[in-house]
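Worksheet for the structure shown next.
What you are looking at is a predicted structure, and each value in this text was computed from that prediction instead of being measured.
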Amino acid sequence: MSIKVENTENKNEVKLEFTIEAAKFDEAIKKVYLKSAKYFNIPGFRKGKAPMNIVEKYYGDEIFYEDAFNEVVPEVYEKELKENNIEAVSHPDIDVKQIGKGQDLIFTAVVQTKPEVELGKYKGIELKKVEYNVTDHDIEHELGHMQEKNARLVSVEDRAVESGDITVIDFEGFVDGVAFEGGKAENHELTIGSNTFIPGFEDQIIGMKIDEEKDINVKFPEEYFSEELKGKDATFKVKLHEIKKKELPELNDDFAKDVSEFDTLDELKNSIKEKIEEENKNKAKYETEDAAVKAVCDNVTIDIPSGMIETEIDNMTKEIEQRLSYQGMKLDNYLQMIGKTQAEFRKEYEEQATTSVKSRLVLEAIIKAENIEADEEKVNEKIKQMAEMYGQKEEQLKENEGFVNYIKESLKNEKAVEFIVENAKIK
C-alpha cells in the first residue's frame, strides 16, 4: 500500500491519496461475500448457497464494492493518520478514483486538521473583581420558599375567586361553535395567576363563585403550536367546583423546628446565610473563570475549521435530543412545534459552538506552554467520585484508558483556568 499527503489550498486541510493493492481489496470482497451470502436468493440455488461469481453475475460485479471499501478503508485510514501525525477534526471527504475486482483501490480523502494556536497575552490579564453579598432580602426570599413548600391548602366557600387561588374547574373549548381536540377537561386544578392557560383565561375566572357556570372568550396566540388553533377566537364553557388558597405557616421558632434541624428561627437564618454565601462564592468563582478564559480568547486569532464547529454542534444536538427524550419527545417533533428547520436550529448554536471550541483550543495551548499535568492523587479522587456516582468499581474505571484520559484532560483544563486567574490582575 502507498500513500501521498499534501496540503490543499485551504488552511488546516490536507489531502491524502491512498493506493491499496488489488490482492487486499479482492480479499475484502471475499470477506464481504461470506458475511452476506445468506441474504441472496438466486433462482436455481438454495437461499444463501449461490457461489460468489454467480451472485456477481446476477447482481453485477460492483455488488460488493461499497461494503468491501468499508471493510478495508477505516483501519487503513486511521493507521495512516496516526503515522503521519495528522489530527483530523472533520469527517473525510472521500473521492474514489479507481475501484474494481483485480485492480488497486485508489481514492483520496480530504480532511480538516487541528489548527495551530498562537497565544497572545494570558498572564497578567486585567479582570474585574466579582463579589456577591448576602442581603436580608435574600434570606427572606429563601424563607418564603420554605413557607410555600410547607403551606397547606384550605378550602374557601365564603367568597369568589381571587388572584392566587387554586381552582378546580370543568371546561370545554369551542372554535366557531365546534369542540376541538384536547380542549376538554374535568376537575382540572388551575392556579389563578400562574399564566399556564391561554392569555386572558385565568383573569376571567376571577370573581366566579362555587358551582357557577360561565362562557369565557379568548384568542389563541398567533405563535400557538397547533396550526388549527393559532390566532383563532375560542369560547370555553367553564364550571367552577372548588376554591382553595394556600395558608402559609408563621415564621417562628416552631417553624424552624418543623422544617430543619435547628431549634430557633435565628439559627435557621444563619444556616441559610451560610448556604447562600457558599453559593455566591461558587458563582463569583465561575464568573471570574469565565471572564478570564474569554479575555484570553479575545487575545487570540484562530482559523477554526468548519468541521470542528459542526462536530461541536453535533454534540450539543445530541445532548438536547437526550433531554427531550426524558420528556418523551423527539427532536423532529420539537422543531415542528417551534416552527424551525434542522438547519435553522443548528445555525442558532453556531456562535456558542465556536466559542466552546476556541476556549478548548486556547486552554490546550496554555497547558502545553506551561507543561501543566494532572495530579495523580486528584485523578484517583475523581475516579473514586465517579465510581460512587455510577455504582461501578474503581478498578474497572481505571482500566478504561479512554475514561482515565478524559479525567486527566478535564483536570488539566481546570488547572489551566486556575493558572490564568492566579496570574491575573483583579481590580
Derivation of the side-chain contact (heavy atoms from CB on, under 4.5 Å) call for Leu335 and Ile338: CA-CA 5 Å; Leu335 292 176; Ile338 63 175; 4.3 Å; yes
Atom NZ of Lys294: over 12 foreign heavy atoms under 6.0 Å: no
Pair Tyr65 + Phe69: ring centers closer than 6.0 Å: no
Min side-chain heavy-atom separation Lys82-Glu78 under 4.5 Å: no
Flag if over 12 foreign heavy atoms under 6.0 Å of OH, Tyr286: no
Gln147 versus Phe255, closest heavy-atom pair with distance: N-CZ, 4.0 Å
Check against side-chain contact (heavy atoms from CB on, under 4.5 Å), Lys244 and Val156: CA-CA 5 Å; Lys244 304 173 187 175; Val156 177; 6.0 Å; no
Within 6.0 Å of CZ in Phe403, more than 12 heavy atoms from elsewhere: yes
Distance in Å, Arg346 CZ paired with Thr317 OG1, rounded so as to fall on 0.5 Å steps: 5.0 Å
Intermediate values then yes/no, side-chain contact (heavy atoms from CB on, under 4.5 Å), Met146 and Leu268: CA-CA 11 Å; Met146 297 175 79; Leu268 176 58; 4.1 Å; yes
Nearest atoms (heavy-atom pairs only) where Arg159 meets Asp165: NH1-OD2, 2.7 Å
Glu348, CD: over 12 other non-hydrogen atoms inside 6.0 angstrom: yes
Least distance between heavy atoms, Ala353 atom then Met316 atom: CB-SD, 3.9 Å
Minimum heavy-atom distance between Glu202 and Thr196, given as atom pair plus value: OE2-N, 2.9 Å
Under 3.5 Å side-chain donor-acceptor pair for Asn217 and Thr235: yes
Spatial distance of atom CG (Leu251) from atom CD (Glu140) [nearest 0.5 Å]: 7.0 Å
Heavy atoms from other residues, nucleotides or ligands near CD of Glu212 exceed 12 (cutoff 6.0 Å): yes
Exam field: side chain Lys97 to backbone Glu17, donor-acceptor pair closer than 3.5 Å: no
Main-chain N/O of Asn187 paired to Asp170 side chain as donor or acceptor, under 3.5 Å: yes
Side chains of Asp253 and Asp263 in contact at under 4.5 Å (non-hydrogen atoms): no
Side-chain donor or acceptor of Thr167 paired with backbone N/O of Ile169 under 3.5 Å: no
Trace of the side-chain contact (heavy atoms from CB on, under 4.5 Å) decision for Lys123 with Glu422: CA-CA 9 Å; Lys123 296 178 186 176; Glu422 285 169 3; over 6 Å; no
Short side-chain to backbone donor-acceptor contact, Ser271 and Glu267, under 3.5 Å: no
Separation between CG of Asp158 and NZ of Lys209, rounded to the nearest 0.5 Å: 10.5 Å
Side-chain donor or acceptor of Asp375 paired with backbone N/O of Glu377 under 3.5 Å: no
Any donor-acceptor N/O pair, Lys358 side chain to Cys297 backbone, under 3.5 Å: yes
Heavy-atom neighbours of Glu287 CD exceed 12 at 6.0 Å: yes
Any donor-acceptor N or O pair under 3.5 Å, side chains His141, His137: no
Ring geometry between Phe236 and Phe197 (parallel below 30°, tilted from 30 to 60°, perpendicular above 60°): perpendicular
Lys275/Glu142 ion pair, N-O < 4.0 Å: yes
Heavy-atom side-chain contact between Ile216 and Phe171 under 4.5 Å: no
Residue pair Pro305 / Gln112: nearest heavy atoms and the distance that separates them: CB-OE1, 3.6 Å
N/O donor-acceptor pair under 3.5 Å between Lys415 side chain and Glu373 backbone: yes
Lys232 side-chain N/O to Glu228 backbone N/O, donor-acceptor pair under 3.5 Å: yes
Under 3.5 Å donor-acceptor, Glu344 side chain and Thr341 backbone: yes
Minimal non-hydrogen separation, Val175 against Ala234, with atom names: CG2-CB, 4.0 Å
Gap separating the CD atom of Glu310 from the NE2 atom of His91, nearest 0.5 angstrom: 9.5 Å
Side-chain heavy-atom pair Ile320, Phe345 within 4.5 angstrom cut-off: yes
Expected output: side-chain Asn84 to main-chain Val5 donor-acceptor under 3.5 Å: no
Heavy-atom check, side chain of Met329 versus side chain of Met337, under 4.5 Å: yes
Residue pair Asp138 / Thr135, side-chain donor-acceptor N/O under 3.5 Å: yes
Step-by-step side-chain hydrogen bond (donor to acceptor under 3.5 Å, both in side chains) determination, Tyr334 to Gln327: CA-CA 11 Å; Tyr334 173 70; Gln327 302 168 38; over 6 Å; no
Distance, nearest 0.5 Å, that separates CG of Asn413 from NZ of Lys408: 14.5 Å
Mutual orientation of the aromatic rings belonging to Phe18 and Phe107 [parallel < 30°, tilted 30-60°, perpendicular > 60°]: parallel
Lys318 and Asp314 ion-paired at < 4.0 Å: no
Residue Asp215 excluded, over 12 heavy atoms near CG under 6.0 Å: yes
Worked verdict on Phe40 versus Tyr58 for ring-ring contact (aromatic ring centres under 6.0 Å, His included): CA-CA 10 Å; Phe40 294 108; Tyr58 192 80; 9.2 Å; no
